[in-house]
There are 2 protein chains.
Amino acid sequence: MRRDPFQAIADPTRRSILVLLAVQAMTPGALATHFDTSRQAISKHLRILSECELVRTVPHGREVEYSLRPERMQEIDRWLDQFKRLWQQRFEQLDEVLTTLKKERS
Amino acid sequence: MRRDPFQAIADPTRRSILVLLAVQAMTPGALATHFDTSRQAISKHLRILSECELVRTVPHGREVEYSLRPERMQEIDRWLDQFKRLWQQRFEQLDEVLTTLKKERS
DNA sequence: AAAATCTGCAACCAAACGGTTGCATATATG
DNA sequence: CATATATGCAACCGTTTGGTTGCAGATTTT
C-alpha cells in the first residue's frame with residue numbers, strides 16, 4: 001500500500017477535500033454534503049489523507065474536526081522544483097522570439 | 001480512464017522517467033535500462049505520459065526519442081499555489097515564535 | 001432511559017493499475 | 001536478401017482502488 005502525497009492527490013475527490021479544508025476546517029459529515037458520494041466514501045478518503053499526514057484531526061465530542069496540514073504538500077512542490085527551470089526556460093525562449101519579432105517590425 | 005498530470009505523477013516509475021527526461025531526451029530502450037522492469041512496461045508508462053501530454057515523441061528511423069514537455073507540469077504547480085500561502089504562513093508563525101524567544105532571552 | 005446523530009470499520013464488488021509474455025511491424029545491419 | 005534490433009500492441013493476471021451497504025460504538029438530545 002503506497003502512501004505518499006503524490007498518490008494522495010491523484011484522486012480528484014481528495015483534491016477537492018484538500019481545497020475545502022484549505023478554506024476552513026470541517027467535520028466528515030459537513031464535507032460529505034459537498035460531494036455526490038456516501039459519507040463513508042469520504043471517510044475512506046480522509047483516512048488516506050490522514051495516513052499521508054496531509055490532514056490533522058481534533059475530536060470534539062462525537063464530532064471530529066479535520067484540518068489541513070500543508071507542510072507535507074511541500075514535498076510535491078520540491079519535486080516540481082527540478083522542472084521549474086525548464087518551463088522558465090521556455091518562457092524566456094518565447095520572450096526572445098517576441099523581442100526579435102518586435103525588432104524586425106521596427 | 002483518468003488521464004491528468006496528477007494521476008500521471010502518482011506512479012513512482014513515471015516520476016523517475018520524467019526526471020530522467022528532464023536531464024536529456026531518450027529512447028524507450030535506453031530508458032528501460034534504468035529500471036528493473038520489462039521494456040514493455042516502460043512503453044506503457046510512456047504511453048500514459050504521452051496521453052497526458054507530459055512527453056513528446058520524435059521518430060528517428062526505427063528509434064523514437066522521448067523528451068519532456070514541462071508546460072503541462074505547470075498545472076500541478078498552479079494547483080499547489082492555493083496552498084503555498086498556507087505553508088508560508090506557518091513559516092512566518094515559526095519566525096514570530098523565534099524572535100519572541102530571542103527577545104525574552106536578551 | 002430512550003432515541004437520534006456522528007463517526008469509523010468490515011465485507012463485498014466492479015473497474016483500473018502495473019506488470020508479464022508473445023507477437024507483429026518497421027528499420028538497420030551483415 | 002536474411003538477420004538483428006527497436007518499438008508498440010494485445011491478452012492475460014494478481015493487486016489496488018474507489019465505491020457501496022450494514023453495523024457497532026460513542027456522544028447528544030429529548
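Letters A, B, ... are given to chains in the order of the sequence lines, protein chains preceding strands, and every chain is numbered from 1.
Here A/Ser43 pairs with nothing under the side-chain contact (heavy atoms from CB on, under 4.5 Å) rule; sequence neighbours left out. Residues satisfying the side-chain contact (heavy atoms from CB on, under 4.5 Å) test with B/Ala10, not counting sequence neighbours, are A/Ala10. By the side-chain contact (heavy atoms from CB on, under 4.5 Å) test, B/Gln82 pairs with A/Val19, B/Trp79, sequence neighbours left out. By the ring-ring contact (aromatic ring centres under 6.0 Å, His included) test, B/Tyr66 pairs with no residue at all, sequence neighbours left out. Applying the side-chain hydrogen bond (donor to acceptor under 3.5 Å, both in side chains) test to B/Ser67 and every residue at least two apart in sequence or in another chain returns B/Arg56. A search for side-chain hydrogen bond (donor to acceptor under 3.5 Å, both in side chains) contacts involving A/Arg3 returns A/Glu51, not counting sequence neighbours. Listed by chain and residue number, nothing satisfies the salt bridge (charged side-chain N to carboxylate O under 4.0 Å, His left out) test with B/Asp36 (two or more places apart in sequence, or in another chain).
The base of C/dT7 does not come close enough to the side chain of A/Arg62 for any donor and acceptor atom to sit less than 3.5 Å apart.
Against DNA chain D, the stretch residues 38-46 of chain A makes heavy-atom approaches under 4.0 Å through A/Ser38, A/Gln40, A/Ala41, A/Lys44, A/His45. DNA chain D lies under 4.0 Å from at least one heavy atom of each of the following residues of residues 15-37 of chain B: B/Thr27, B/Pro28, B/Gly29.
Protein chain A touches strand DNA chain D; the 5'-most and 3'-most nucleotides with an atom under 4.0 angstrom of its non-hydrogen atoms are D/dT17 to D/dT28.
A heavy-atom distance below 4.5 Å is found between the side chains of A/Glu75 and A/Phe6. Using a 4.5 Å heavy-atom cutoff, the side chains of A/Lys84 and A/Asp81 are in contact. B/Met73 has its side chain within reach of B/Leu68: a pair of non-hydrogen atoms, C-beta onward, lies under 4.5 Å apart. Looking at heavy atoms from C-beta onward, A/Leu21 lies out of side-chain contact with A/Leu54 at the 4.5 angstrom threshold.
Sorted by first then second residue, the salt bridge (charged side-chain N to carboxylate O under 4.0 Å, His left out) pairs that include residues 4-32 of chain A, not counting sequence neighbours, number zero.
Residue contacts shown for B/Glu65 are absent, as no nucleic acid heavy atom lies under 4.0 Å away.
In the hydrophobic clustering of ILVMFWY residues, with side-chain heavy atoms under 4.5 Å counting as a link, A/Val64 and A/Val55 come out together.
Put simply, A/Tyr66 has no side-chain N or O that comes within less than 4.0 Å of OP1 or OP2 on C/dC6.
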Might you list the N or O atoms of the protein lying below 3.5 Å from N or O atoms in nucleotides 13-15 of chain C, with each pair's distance?
none

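Considering only side-chain atoms of A/Arg47, the nucleotide from C/dC9, C/dC17, C/dT7 that sits closest is C/dC9.
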